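For reference, the structure is listed below as structure tokens.
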Amino acid sequence: MSQYSAIIADDEEHLCSHLESLLHKLWPELDIVGTAHNGHEALSLIQQEEPDVAFLDIKMPVMNGIKVAMYSQNLCHIVFITAYDEFAIQAFEHDAIDYVLKPVTEDRLMKTIQRLKGGMPRHEQSQPDLTQLLSTLSARINNTDQTGALQWIRAGEADKIILVPVEDVLFFRANDKYTSVITRDAEYLIRRPIKELIAELDKNQFWQINRGTIVNVNCIASTSRQQNGRCEIQLKNSQQTLLSSRKYSHLFKQM
């Protein structure tokens with residue numbers, strides 16, 4: 001019988017599979033009893049399976065990971081899988097909540113596994129009351145003012161995490177299952193869809209110009225309108241040109 005059991009919840013199925021694969025490799029005795037792709041499924045799974053650990057993505061449809069944690073904090077140990085470390089850094093620094101940053105790497109996940117093995121509460125009476133802390137985190141994540149805009153992009157490179165300041169990004173481009181992050185000097189691949197990025201970037205600095213491309217407005221050198229209604233965009237410090245769709249060409253009328 002396994003010493004511990006766990007569930008995984010992430011709205012992106014391939015990320016669930018990736019984390020499950022890493023857990024099988026790094027913690028083979030862990031019994032993963034189910035996966036979920038939204039908050040309601042995750043909560044139902046926790047109540048049904050009563051796992052020791054719940055790996056929860058913070059940003060999920062129907063109910064986010066923090067709300068799931070609020071309802072289930074006395075049922076299991078919570079580990080957040082998140083790209084939002086800036087919202088929770090105080091909690092993490094005080095060891096109140098375990099977390100793994102996206103993109104998940106073996107090194108960071110192994111540290112979390114070691115912590116879980118070394119001191120995870122197994123009984124309800126030993127679980128700390130995190131209600132106030134989770135409420136604070138929820139309020140900060142739901143805050144939509146400018147301070148919530150992404151300030152950097154986390155890109156995986158071998159076993160390292162590269163922090164790319166968003167102001168250094170020329171443009172983002174959808175690339176099969178990945179998104180390319182293009183800077184003047186390098187190109188990185190991240191597992192974040194364009195529709196998710198555009199919702200989190202500063203809308204005054206980053207514009208979506210077609211279905212699969214977001215451009216940094218500060219990096220535009222010039223634009224020229226074509227006869228078909230599209231705009232050709234020349235970037236600063238780059239030989240690449242971008243092409244907007246007719247749907248987004250109105251953005252460049254002021255240029």
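These numbers come from a predicted model, not from an experiment.
- Between the side chain of Ser21 and the main chain of Ser17, no donor-acceptor pair closer than 3.5 Å is present.
- The same ILVMFWY cluster, assembled from side-chain heavy atoms under 4.5 Å apart, contains both Val100 and Leu30.
- Closest of all the heavy-atom pairs between Glu200 and Lys59 is OE2-NZ, 3.1 Å.
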Can you list the steps and then say if Lys117 with Trp27 is a side-chain contact (heavy atoms from CB on, under 4.5 Å)? CA-CA 10 Å; Lys117 288 182 174 181; Trp27 197 357; 3.1 Å; yes
Kindly determine whether Asp57 and Asp11 satisfy side-chain contact (heavy atoms from CB on, under 4.5 Å), including the steps that lead there. CA-CA 8 Å; Asp57 183 22; Asp11 62 328; 3.4 Å; yes
side-chain contact (heavy atoms from CB on, under 4.5 Å) between Arg211 and Ser245, intermediate numbers included: CA-CA 8 Å; Arg211 185 176 181 181; Ser245 66; over 6 Å; no
Begin with the C-alpha distance, continue with both residues' side-chain angles, and end with the deciding distance and a verdict on side-chain contact (heavy atoms from CB on, under 4.5 Å) for Gln47 and Leu75. CA-CA 8 Å; Gln47 294 171 338; Leu75 302 178; 4.2 Å; yes
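- The hydrophobic cluster containing Leu189 does not contain Leu201, counting ILVMFWY residues as joined when their side-chain heavy atoms lie under 4.5 angstrom apart, directly or transitively.
- Following chains of ILVMFWY side-chain contacts shorter than 4.5 Å, one can reach Leu43 starting from Leu45, so the two form part of one hydrophobic cluster.
- Judged as a side chain to side chain contact (heavy atoms under 4.5 Å, CB included), and not counting sequence neighbours, the contacts of Leu26 are Glu106, Leu109, Met110, Ile113.
- By the 6.0 Å contact criterion, OH on Tyr248 is enclosed, its count of non-hydrogen atoms from other residues, nucleotides or ligands being greater than 12.
- Between Ile233 and the options Thr223, Leu243, Thr241, a side-chain contact (heavy atoms from CB on, under 4.5 Å) holds for only Thr223.
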Table please: side-chain donor-acceptor pairs of residues 163-175 below 3.5 Å, with sequence neighbours left out.
| residue | atom | partner | partner atom | Å |
| --- | --- | --- | --- | --- |
| Asn175 | ND2 | Ser180 | OG | 3.4 |

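- Between atom CD1 of residue Ile214 and atom NZ of residue Lys203 there is a gap of 10.0 Å, rounded to the nearest 0.5 Å.
- In this structure, Arg108 is positioned above the aromatic face of Tyr99, its NZ or CZ under 6.0 Å from the six-membered ring centre and within 45° of the axis.
- Taken together through direct or relayed side-chain contacts under 4.5 Å among Ile, Leu, Val, Met, Phe, Trp and Tyr, Tyr71 and Phe80 form part of one hydrophobic cluster.
- From Ile58, atom CD1 reaches atom CG of Asn64 across 8.0 Å, with rounding to the nearest 0.5 Å.
- In this structure, the separation between CG on Leu242 and CG on Asn210 is 8.0 Å, given to the nearest 0.5 Å.
- In terms of modelled atom types and a separation under 3.5 Å, the side chain of Thr179 and the main chain of Arg192 share a donor-acceptor contact.
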Stepwise salt bridge (charged side-chain N to carboxylate O under 4.0 Å, His left out) test for Glu12 and Arg191: CA-CA 10 Å; Glu12 295 187 60; Arg191 284 183 175 270; over 6 Å; no
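- Other residues, nucleotides and ligands place more than 12 heavy atoms under 6.0 Å from the NE2 atom of His18.
- To the nearest 0.5 Å, atom CD1 of residue Ile153 and atom CG of residue Leu197 are 5.5 Å apart.
- Summarising the geometry, atom OG belonging to Ser72 is positioned 6.5 Å from atom CG belonging to Leu56; distances are rounded to the nearest 0.5 Å.
- Although no hydrogens or angles enter the test, the distance criterion places a donor-acceptor pair under 3.5 Å between the side chain of Glu41 and the main chain of His37.
- Between Gln3 and Asp52, the closest side-chain pair of non-hydrogen atoms is not below 4.5 Å.
- Taking the side chain to side chain contact (heavy atoms under 4.5 Å, CB included) definition, one finds that Arg225 meets it with Cys231, Ser249, Lys253, sequence neighbours left out.
- Nearest heavy atoms, Ala42 versus Ala36: N-CB, 3.5 Å.
- In terms of hydrophobic clustering, with Ile, Leu, Val, Met, Phe, Trp and Tyr side chains grouped at heavy-atom distances under 4.5 Å, Tyr178 and Leu22 are assigned to different clusters.
- In this structure, Leu15 and Val104 have side chains that are not in contact, with every pair of non-hydrogen atoms separated by 4.5 Å or more.
- Residues Tyr4 and Leu116 are not in side-chain contact: their nearest non-hydrogen atoms beyond the backbone lie 4.5 Å or more apart.
- Here the closest non-hydrogen pair linking Val33 and Ser5 is CG1-CB, 4.0 Å.
- Taking CE of Met70 as the reference point, atom CD1 of Ile66 lies at 6.5 Å (rounded to 0.5 Å).
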